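Reviewing the structure listed below.
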Amino acid sequence: MPTISMFYGILIRMFLGGKEHNPPHIHAIYQGDEAVFDIKTSEKTEGRLPGDKEKLVSTWIVLRRDELLADWELAQNGEPPFTIEPLR
C-alpha cells in the first residue's frame with residue numbers, strides 16, 4: 001500500500017491492483033490509529049483518528065479530490081498512484 005501523501009504526522013495510503021472495494025477511499029494512519037475515508041464525500045467510514053487529525057484529513061480530501069480520484073483509477077488498474085501535495 002503506497003503512501004501518496006504525508007502531513008502533520010498523518011500517512012495517506014491507497015491499495016493497488018483492484019483489490020479494494022468501492023467506494024473510492026484512502027487509508028489515513030496516525031500513531032497506530034487508522035481510519036478509512038470516502039474520497040467522494042470526505043467522510044470517515046471506519047476506524048478512528050484523533051478528532052483534530054480526522055478534520056485535517058477530511059479538509060485535505062476536499063482540496064485534493066480530483067487528484068485522489070485519478071490516483072484511485074490508477075491504483076485499481078495496478079499502476080502506482082502519484083504523490084499528492086500535502087496539507088500545509
Side-chain angles (χ1 to χ4, degrees):
M1 179 169 45
T3 299
I4 59 171
S5 195
M6 182 173 54
F7 49 89
Y8 302 108
I10 305 165
L11 297 176
I12 306 295
R13 295 187 169 167
M14 188 178 285
F15 279 105
L16 291 179
K19 296 177 183 175
E20 284 294 278
H21 54 88
N22 278 312
H25 62 278
I26 53 140
H27 297 255
I29 299 121
Y30 177 77
Q31 294 185 350
D33 290 326
E34 182 172 353
V36 175
F37 289 80
D38 184 307
I39 295 170
K40 291 183 178 178
T41 65
S42 75
E43 294 178 7
K44 181 182 73 170
T45 58
E46 61 184 82
R48 72 172 293 290
L49 290 179
D52 61 330
K53 302 304 181 196
E54 185 176 316
K55 290 176 188 174
L56 289 172
V57 173
S58 291
T59 299
W60 179 78
I61 291 170
V62 169
L63 295 171
R64 302 293 181 205
R65 184 169 287 127
D66 290 342
E67 294 165 89
L68 287 163
L69 290 171
D71 267 1
W72 178 262
E73 290 300 317
L74 288 172
Q76 292 305 291
N77 291 321
E79 299 176 48
F82 292 101
T83 56
I84 298 176
E85 188 74 25
L87 190 63
R88 297 184 191 270

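This chain uses plain numbering: 1 for the first residue, then up along the sequence. It should be emphasised that the depicted structure is a prediction, and the values quoted were computed from it without experimental measurement.
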**Message:** Under the salt bridge (charged side-chain N to carboxylate O under 4.0 Å, His left out) definition, can you give me all pairs with a residue in residues 72-88, not counting sequence neighbours?
**Reply:** Glu85-Arg88
**Sequence neighbours excluded - salt bridge (charged side-chain N to carboxylate O under 4.0 Å, His left out) pairs with any residue from residues 22-34** = Asp33-Arg48
**Asked** So do the side chains of Ile12 and Ile84 get within less than 4.5 Å of each other, counting heavy atoms only?
**Response** no
**Item:** salt bridge (charged side-chain N to carboxylate O under 4.0 Å, His left out) pairs, two or more places apart, involving residues 35-44
**Value:** Lys44-Glu54
**Prompt:** How are the rings of Phe7 and Trp60 set to each other: parallel, tilted or perpendicular (split at 30° and 60°)?
**Reply:** tilted
**Request:** Considering non-hydrogen atoms only, spot the tightest contact between Phe37 and Ser42 and give its length.
**Result:** CD2-O, 3.9 Å
**Item:** Results of side chain to side chain donor-acceptor pair (under 3.5 Å) for Thr59 - residues two or more places apart only
**Value:** none
**Prompt:** Looking only at heavy atoms, which two atoms of Leu74 and Pro81 are closest? And how far apart?
**Reply:** CD1-CA, 4.2 Å
**Prompt:** Any side-chain heavy atom of Ile10 within less than 4.5 Å of one from Leu87?
**Reply:** no
**Prompt:** Are Leu68 and Leu63 co-members of a hydrophobic cluster defined by side-chain heavy atoms under 4.5 Å apart?
**Reply:** yes
**Request:** Could you list the residues that satisfy side chain to side chain donor-acceptor pair (under 3.5 Å) with Arg65, not counting sequence neighbours?
**Result:** none
**Asked** Out of curiosity, Ile4 CD1 to Trp72 CH2, how far, rounded to the nearest 0.5 Å?
**Response** 10.5 Å
**Message:** Return the OG1 to CD distance between Thr83 and Glu67, rounded to the nearest 0.5 Å.
**Reply:** 9.5 Å
**Prompt:** Other hydrophobic cluster members with Val62, side-chain heavy atoms of Ile/Leu/Val/Met/Phe/Trp/Tyr under 4.5 Å, chained?
**Reply:** none
**Message:** With clusters defined by side-chain heavy atoms of hydrophobic residues (ILVMFWY) lying less than 4.5 Å apart, directly or transitively, does Phe15 cluster with Val36?
**Reply:** no
**Message:** If hydrophobic residues (ILVMFWY) are linked whenever their side-chain heavy atoms come closer than 4.5 Å, directly or via other members, who joins Ile29 in its cluster?
**Reply:** Met6, Leu11
**Item:** Partners meeting ring-ring contact (aromatic ring centres under 6.0 Å, His included) with Phe82 (sequence neighbours left out)
**Value:** none
**Complete:** Closest heavy-atom pair, Ile39 versus Met14, reported as atoms and distance to 0.1 Å, is CD1-CE, 4.0 Å
